[in-house]
Participant: 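One structure follows; several queries about it will come next.
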Amino acid sequence: MNAPSSTYGLSREARNLHWLLANLVEEVPGVRSVVVVSTDGLMLLSSDTRHHAAAAAADPSVQDGPKGSSADLATIVSGLGSLTLGAAKLMEAGSVKQTMVAMDEGSLFVMSISDGSLLGVHATPDCDMTVVAYHMALFVGRAGHVLTPELRNELRRSLEHAQ
């Protein structure tokens, strides 16, 4: 699988993160959309919505993530991450590793990345939660050590230019 064409001009590390994110969406059954959000709540990466648009055109019952855009998912992930972090502090329970919300029509997973960033996944209600969590952990393990401040800035700039 090749990295999306929107990664042209990015560093090797940034292209690899885009590839890992696209792979998570395409290879894990039930995953609708994925975002990576920085500690300050800014979206760094989002899944390629063109993949979802094609699926929705073929099957109208397929939804393209939460109503709205990937920015909406990033906002939800950031808010949920902040809420669970606050709860963990109040309960003196240490750091939050993963949060999962099961809903009638979908699931939301949020997993911490080593630098304090968050990986958020919106999935179908019938997804295999253990498979989604396993692949999220793989992503976090591969992405966590390369998400330097320089790379976060590069990813933010690339998103700004894409809009």
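Only a predicted model underlies this, so the values are computations on that prediction, with no experimental measurement involved. Reckoned from all heavy atoms, side chains included, excluding hydrogens, waters and symmetry mates.
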Participant: Once you round to the nearest 0.5 Å, how far does NE2 of H18 lie from OG of S46?
Facilitator: 8.0 Å

Participant: CG/L108 to CE/M100 distance, rounded to the nearest 0.5 angstrom?
Facilitator: 9.5 Å

Participant: How many angstroms lie between atom CG of L80 and atom OG1 of T75, to the nearest 0.5 angstrom?
Facilitator: 12.5 Å

Participant: For M103, look at atom CE and say whether over 12 heavy atoms of other residues, nucleotides or ligands are found less than 6.0 Å away.
Facilitator: yes

Participant: Is there a continuous path of hydrophobic side-chain contacts, each under 4.5 Å between heavy atoms, that joins L21 to W19?
Facilitator: yes

Participant: Can you name the closest pair of heavy atoms from S114 and G144 and give their distance?
Facilitator: OG-O, 2.9 Å

Participant: Would you say the side-chain atoms of R156 and S38 include a donor-acceptor pair closer than 3.5 Å?
Facilitator: yes

Participant: Which heavy atom in S107 sits nearest to a heavy atom in P125, and how many Å separate them?
Facilitator: OG-CA, 4.3 Å

Participant: Of all heavy-atom pairs between S33 and L73, which one has the smallest distance, and what is that distance?
Facilitator: OG-CD2, 3.3 Å

Participant: Under 4.5 Å between side-chain heavy atoms, counting indirect links through other Ile/Leu/Val/Met/Phe/Trp/Tyr residues: same cluster for I113 and V96 or not?
Facilitator: no

Participant: Are any side-chain N or O atoms of S47 and backbone N or O atoms of V34, one a donor and one an acceptor, separated by less than 3.5 Å?
Facilitator: yes

Participant: Between L17 and L45, does the side chain to side chain contact (heavy atoms under 4.5 Å, CB included) criterion hold? Intermediate values first, please.
Facilitator: CA-CA 8 Å; L17 286 178; L45 288 169; 3.8 Å; yes

Participant: Do any pairs count as a side-chain hydrogen bond (donor to acceptor under 3.5 Å, both in side chains) and have a residue in residues 77-95, sequence neighbours left out, and if so which ones?
Facilitator: none

Participant: Can you tell me how far apart CG (L155) and CG (L147) are? Round to the nearest 0.5 Å.
Facilitator: 7.0 Å

Participant: In this structure, would V110 and L85 fall into the same cluster of hydrophobic residues linked by side-chain contacts under 4.5 Å?
Facilitator: no

Participant: Are V146 and L44 grouped together when hydrophobic residues (ILVMFWY) are joined by side-chain heavy atoms under 4.5 angstrom apart?
Facilitator: yes

Participant: Can I get a per-line list of side-chain donor-acceptor pairs under 3.5 Å for residues 126-137, giving both atom names and the distance, sequence neighbours left out?
Facilitator:
| from | atom 1 | to | atom 2 | distance (Å) |
| --- | --- | --- | --- | --- |
| D126 | OD1 | T124 | OG1 | 2.7 |
| D128 | OD1 | T130 | N | 3.1 |
| D128 | OD1 | T130 | OG1 | 2.6 |
| D128 | OD1 | V131 | N | 3.4 |

Participant: To check you understand the geometry: which heavy-atom pair defines the closest contact between F139 and L119, and what is its length?
Facilitator: CD2-CD2, 3.6 Å

Participant: Would a single hydrophobic cluster contain both V101 and L118, if residues Ile, Leu, Val, Met, Phe, Trp and Tyr are joined by side-chain heavy-atom contacts under 4.5 Å?
Facilitator: yes

Participant: Cut-off 3.5 Å, side chains only: do Q98 and S112 have a donor facing an acceptor?
Facilitator: no

Participant: Looking only at heavy atoms, which two atoms of A14 and E154 are closest? And how far apart?
Facilitator: CB-OE2, 3.7 Å

Participant: Can you check whether S11 reaches L151 side chain to side chain, under 4.5 Å on heavy atoms?
Facilitator: yes

